[in-house]
Amino acid sequence: MKPVRLSRRGSRLLANSGAGSHQWGAFMPGVPDVSHMPHDIWRKIQLRLSRRLPVENLSYASHGGCVELQQALADYLRVIRSVNCSPEQILVTAGTHQSLDLLAKMLCDPGDRAIVEEPGYWGIRNVLVVNGVTLIPTQVDDQGLVLPPEQPDSPVPRLICVTPSHQYPLGAVMSLQRRHELLERAKSSGSWVVEDDYDGEFRFTGSPIPALQGLAADAPVIYLGTFSKTLYPGIRLSYMVVPKSMAARMKMAHSELYRGGYGLVQLTLAEFIREGHYAAHVRRMRQIYSRRRAVLVEVISTSLGADWIVHHSNAGLHLVLRLPDSIDDVAFSAELEQCGVLTRPLSSYYLQGTPQRGLLLGYACVNEADIPAAFAPVLARLEHHLQIASVSP
């Protein structure tokens with residue numbers, strides 16, 4: 001049988017794929033501890049709702065999601081993330097990748113440009129590229145995205161994609177000055193800022209970082225949120241907050257392309273939020289993740305030194321272990337996978353230039369007591385590579 005010929009677009013997508021074959025285990029980044037999901041509470045709510053479920057919730061969603069969930073989210077986001085929105089501005093999607101796909105299709109023509117963080121999340125890059133968007137990788141530092149100088153003769157970027165509350169993957173928090181500069185640039189150029197607030201609820205010290213979207217009235221910001229990090233990835237529910245001027249058209253396009261559903265799940269989630277269970281769950285998980293991060297930081301600091309950790313942001317679900325340039329982090333990550341340790345190489349998040357070497361270590365799904373033993377293979381293999389480097393001519 002002849003091999004199937006893929007499109008150039010499909011071949012390019014697979015060549016740059018970042019999705020791993022394993023999605024659970026120490027130290028898989030980007031995965032929460034799904035074992036703490038309060039399933040008993042969830043099941044009781046779902047059973048109660050299913051007994052009087054309106055028939056329209058068993059059909060295709062035609063309003064950008066369940067209206068009860070849109071209302072619950074609007075109330076929650078105003079209080080917890082300082083997002084300025086009304087329920088009609090919220091569009092429920094089947095994951096952040098779907099949100100980005102819809103934005104790329106509706107706001108960008110092939111050849112349009114988008115600023116993306118360098119290093120940055122592979123998922124954002126791949127969804128944009130497969131839609132024909134040209135990427136502009138842009139440096140980040142300890143204050144977040146460093147906006148490039150404006151080029152009068154260059155096309156204005158249609159999108160500026162950022163993770164301001166906890167830069168992925170390095171972990172920096174965008175400074176207030178940078179946030180205002182970004183909003184001013186977007187307003188003056190006519191660009192849209194796409195704010196991916198993927199784990200903004202998980203900040204362990206200091207005051208919560210408010211969302212970029214709420215900093216100014218009529219900010220040109222499209223806010224993306226997800227339940228993959230706060231509940232569990234398999235729920236496949238995310239959302240975006242869009243300006244009122246585009247909400248109806250985005251919802252119509254979503255219905256045309258994806259035919260939204262999950263009516264009972266969305267109703268259950270709305271009630272889960274409204275009754276306070278969601279906020280309580282997030283508070284509990286914040287405490288758990290804070291302890292796990294502290295244990296991993298202590299293990300690394302004791303065995304290697306605190307300067308081996310990139311950005312002590314004290315937030316999120318992962319940290320980055322710095323590696324010397326002599327160690328190939330892609331090969332090292334593959335080597336650790338053979339030992340049952342799941343990591344991601346930092347260099348794979350770069351598109352150009354000389355990447356920084358490192359490992360993303362997700363601590364969320366590792367119990368505190370298991371962290372030292374789980375990190376032991378990392379330390380052992382690292383010491384082995386350092387010994388080899390020290391005796392090399």
Side-chain angles (χ1 to χ4, degrees), residues 37-38 41-96 98-99 102-103 165 195-201 208 210-215 217-219 221-232 235-255 258-283 285:
M37 171 69 186
I41 296 174
W42 182 275
R43 279 194 294 267
K44 288 178 182 177
I45 295 174
Q46 191 169 67
L47 179 61
R48 184 176 75 241
L49 292 173
S50 64
R51 290 170 177 160
R52 50 181 175 83
L53 185 67
V55 292
E56 56 266 23
N57 289 105
L58 295 176
S59 188
Y60 298 111
S62 58
H63 304 288
C66 162
V67 293
E68 291 87 350
L69 180 55
Q70 291 166 336
Q71 180 65 63
L73 272 172
D75 295 339
Y76 174 83
L77 291 172
R78 279 196 297 268
V79 174
I80 302 300
R81 302 299 299 129
S82 301
V83 171
N84 294 323
C85 69
S86 57
E88 59 267 22
Q89 292 176 253
I90 295 177
L91 170 57
V92 181
T93 66
T96 297
Q98 187 182 91
S99 298
L102 180 61
L103 290 177
S165 294
E195 177 181 13
D196 183 4
D197 195 25
Y198 67 100
D199 66 358
E201 287 95 342
L212 180 66
Q213 189 266 6
L215 276 183
D218 298 321
V221 176
I222 298 168
Y223 176 90
L224 307 185
T226 182
F227 294 101
S228 293
K229 304 296 185 283
T230 51
L231 295 178
Y232 58 94
I235 196 170
R236 302 316 303 140
L237 282 181
S238 294
Y239 55 91
M240 54 181 173
V241 179
V242 300
K244 291 181 180 179
S245 58
M246 69 167 69
R249 287 175 291 174
M250 284 292 180
K251 291 177 180 180
M252 184 181 298
H254 183 270
S255 293
Y258 313 114
R259 308 296 283 162
Y262 302 104
L264 179 56
V265 175
Q266 290 192 37
L267 275 176
T268 303
L269 179 55
E271 195 72 0
F272 190 74
I273 295 171
R274 193 190 65 79
E275 291 181 358
H277 304 300
Y278 180 70
H281 176 66
V282 170
R283 286 195 299 270
M285 299 313 299

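Side-chain atoms are counted along with the backbone in the values below, which use heavy atoms only and exclude waters and symmetry mates.
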With [X] via salt bridge (charged side-chain N to carboxylate O under 4.0 Å, His left out) - residues at least two apart:
X	answer
E201	none
D197	R81
R274	E271
R236	none

*Using the test side chain to side chain contact (heavy atoms under 4.5 Å, CB included), find all partners of R51 that sit at least two apart in sequence or belong to another chain.*
L47

*List for me each residue that meets side chain to side chain contact (heavy atoms under 4.5 Å, CB included) alongside P87, sequence neighbours excluded, and say none if there are none.*
Q70, Q71, A74

*Kindly determine whether L77 and Y223 satisfy side chain to side chain contact (heavy atoms under 4.5 Å, CB included), including the steps that lead there.*
CA-CA 11 Å; L77 291 172; Y223 176 90; 4.1 Å; yes

*Can you check side chain to side chain contact (heavy atoms under 4.5 Å, CB included) on L91 and L102, steps first, answer last?*
CA-CA 11 Å; L91 170 57; L102 180 61; 3.5 Å; yes

When rounded to the nearest 0.5 angstrom, what distance separates [atom1] in [X] from [atom2] in [Y]?
X	Y	atom1	atom2	result
Y76	Y278	OH	OH	4.5 Å
I222	D196	CD1	CG	12.5 Å
I235	Y262	CD1	OH	10.0 Å
T268	R43	OG1	CZ	12.5 Å
I45	L264	CD1	CG	11.0 Å
L267	L69	CG	CG	8.5 Å

Listed pairs under 3.5 Å, donor-acceptor, residues 241-254 side chains, sequence neighbours left out:
unit_1, atom_1, unit_2, atom_2, d
R249, NH2, S245, O, 3.0
K251, NZ, E88, O, 2.7
H254, NE2, Q98, OE1, 2.9

Side chains of [X] and [Y]: does their closest heavy-atom pair fall under 4.5 Å?
X	Y	answer
V265	Q46	yes
Q266	V92	yes
H277	P38	no

Who are the side chain to side chain donor-acceptor pair (under 3.5 Å) partners of [X], not counting sequence neighbours?
X	value
R283	none
E195	none
T226	S228, S238

_Taking C85's backbone N and O only, do any of them form a donor-acceptor pair with R78's side chain (distance below 3.5 Å, no angle check)?_
yes

*Mark yes when over 12 heavy atoms from residues, nucleotides or ligands other than H63 sit less than 6.0 Å from its NE2; otherwise mark no.*
no

*Give the intermediate values and the outcome of side chain to side chain contact (heavy atoms under 4.5 Å, CB included) for residues L269 and I273.*
CA-CA 6 Å; L269 179 55; I273 295 171; 4.1 Å; yes

*For Y239, enumerate each residue passing the ring-ring contact (aromatic ring centres under 6.0 Å, His included) test, keeping only those at least two apart in sequence or located in another chain.*
F227

*List the atom of Q213, the atom of V83, and the distance in Å for their closest heavy-atom pair.*
OE1-CG1, 3.2 Å

*Does the side chain of T96 come under 3.5 Å of the side chain of Y198 through a donor N or O and an acceptor N or O?*
no

